[in-house]
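Scroll down for the structure; my scribbles are underneath it.
Only a predicted model underlies this, so the values are computations on that prediction, with no experimental measurement involved.
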Amino acid sequence: KAVGVVKASMERIWPLIDQCGKYTTTMQRVLKSTELSRKDNIVICEITVDLPFPLDDITAKTRAVHTVKPGKMYKREWKLLSGDYEYNEGSWTLVPFGNSMEETLVVYETQVEPTTMIPNSIRNLAQKKTIPALFEHLRDQVK
C-alpha cells in the first residue's frame, strides 16, 4: 500500500488511472497496454510489465470496476482474469485532500504473486523505489 498527495484535482488525475490502454505512457515499466473492452463501469485490460534483466516480462489480463463519484471519490479495483500471475489484484483510490479540490490523496494498493520466482532484492526495489517513482511520475503528468 502506498499513499501520497498530488497537487491536482481528482478529475485531472483520473484519466491517467482510468485509461489502461495508455499505460505505456502514463505508468512506469509498462511495455504494452491494451483496453480489451469497456461496458458501463467494467474495464478489461491486458498489461505487460517490464521486469529487470534477467527476468522475463510478465502479462496480466484483469477485470476492473471503476467507481466514479465526482467531487468525492474515484476508484479503480482490479482482479486477475489470466496471465503470468498466481494472484494479482489491487486498486487506485482518489479522494480530495484537505479543504482544497486542487489536492488529491492517492492510495495505491496491490497484492501480486507472479508465477515466476522474483528475487527478494527485486521485490524490495519495487517497494522502496519503483512505487515512489510512480507517484512522482503521476505528479509530473498533471503539472
Exercise. Between T59 (side chain) and T48 (backbone), is there a donor-acceptor pair under 3.5 Å?
Worked result: no

For this session: List the steps, then state whether side chain to side chain contact (heavy atoms under 4.5 Å, CB included) holds for L51 with D56.
Result: CA-CA 6 Å; L51 291 183; D56 292 332; over 6 Å; no

Exercise. Ion pair present between K61 and D84, side-chain N to carboxylate O less than 4.0 angstrom?
Worked result: no

All N/O donor-acceptor pairs, side-chain side in residues 106-113, below 3.5 Å, sequence neighbours left out:
| from | atom 1 | to | atom 2 | distance (Å) |
| --- | --- | --- | --- | --- |
| Q111 | OE1 | Y87 | OH | 3.4 |
| E113 | OE2 | R123 | NH2 | 3.3 |

Exercise. Taking atom OG of S9 and atom OH of Y74, what is their separation to the nearest 0.5 Å?
Worked result: 7.5 Å

Exercise. Can you find a heavy atom in the side chain of V43 that is under 4.5 Å from one in the side chain of S37?
Worked result: no

Exercise. At their closest point, which heavy atom of M10 faces which heavy atom of K72, and how far apart are they?
Worked result: CE-N, 3.6 Å

Exercise. When rounded to the nearest 0.5 angstrom, what distance separates CD1 in I42 from NZ in K39?
Worked result: 10.0 Å

Problem set entry | For Y85 against V49, the heavy-atom pair lying closest together | OH-CG2, 4.3 Å

For this session: May I have the step-by-step check of side chain to side chain contact (heavy atoms under 4.5 Å, CB included) for M73 and T67, ending in yes or no?
Result: CA-CA 8 Å; M73 187 263 305; T67 304; 3.9 Å; yes

Exercise. Side chain to side chain contact (heavy atoms under 4.5 Å, CB included) between R38 and D18: does it pass, once the steps are laid out?
Worked result: CA-CA 11 Å; R38 182 181 292 253; D18 174 62; 3.0 Å; yes

Problem set entry | Check: H66 ring centre within less than 6.0 Å of W14 ring centre | yes

Problem set entry | Contacts of S91 that satisfy side chain to side chain donor-acceptor pair (under 3.5 Å) - sequence neighbours left out | none

Exercise. Which word best sums up how the rings of F135 and W92 line up, parallel for under 30°, tilted for 30 to 60°, or perpendicular for over 60°?
Worked result: tilted

Problem set entry | Shared hydrophobic cluster, L81 / V65 (ILVMFWY, side-chain heavy atoms < 4.5 Å) | yes

Seminar exercise, completed: What one should report as the nearest heavy-atom pair of M27 and L16 is CE-O, 3.5 Å

For this session: Apply side chain to side chain contact (heavy atoms under 4.5 Å, CB included) to K32 and T34, showing your working.
Result: CA-CA 7 Å; K32 183 178 176 188; T34 305; 4.1 Å; yes

Exercise. Taking C-beta and beyond as the side chain, do T62 and I44 meet within less than 4.5 Å on heavy atoms?
Worked result: no

Exercise. What's the shortest heavy-atom distance between S33 and V30, and which atoms?
Worked result: CB-CG1, 4.0 Å

Problem set entry | Value rounded to 0.5 Å, distance of CG in L31 from CD1 in I58 | 10.5 Å

For this session: Indicate yes or no for a side-chain donor-acceptor contact from Q141 to the backbone of H137 under 3.5 Å, with no hydrogens or angles considered.
Result: yes

Exercise. Is there a side-chain contact between R76 and C45 (heavy atoms, below 4.5 Å)?
Worked result: yes

Problem set entry | Side chain R29, main chain D50, donor-acceptor under 3.5 Å | yes

Seminar exercise, completed: d(Q19 CD, E35 CD) to nearest 0.5 Å is 8.0 Å

Exercise. Is there a side-chain contact between E103 and V6, using heavy atoms and a 4.5 Å cut-off?
Worked result: no

For this session: Give a yes or no on whether the backbone of A8 and the side-chain of T104 come within a donor-acceptor separation of less than 3.5 Å.
Result: yes

For this session: For D140, look at atom CG and say whether over 12 heavy atoms of other residues, nucleotides or ligands are found less than 6.0 Å away.
Result: yes

Exercise. What distance do T26 atom OG1 and I13 atom CD1 have between them, rounded to the nearest 0.5 Å?
Worked result: 12.5 Å

Problem set entry | Student check: side-chain heavy atoms of N88 and W78 closer than 4.5 Å | yes

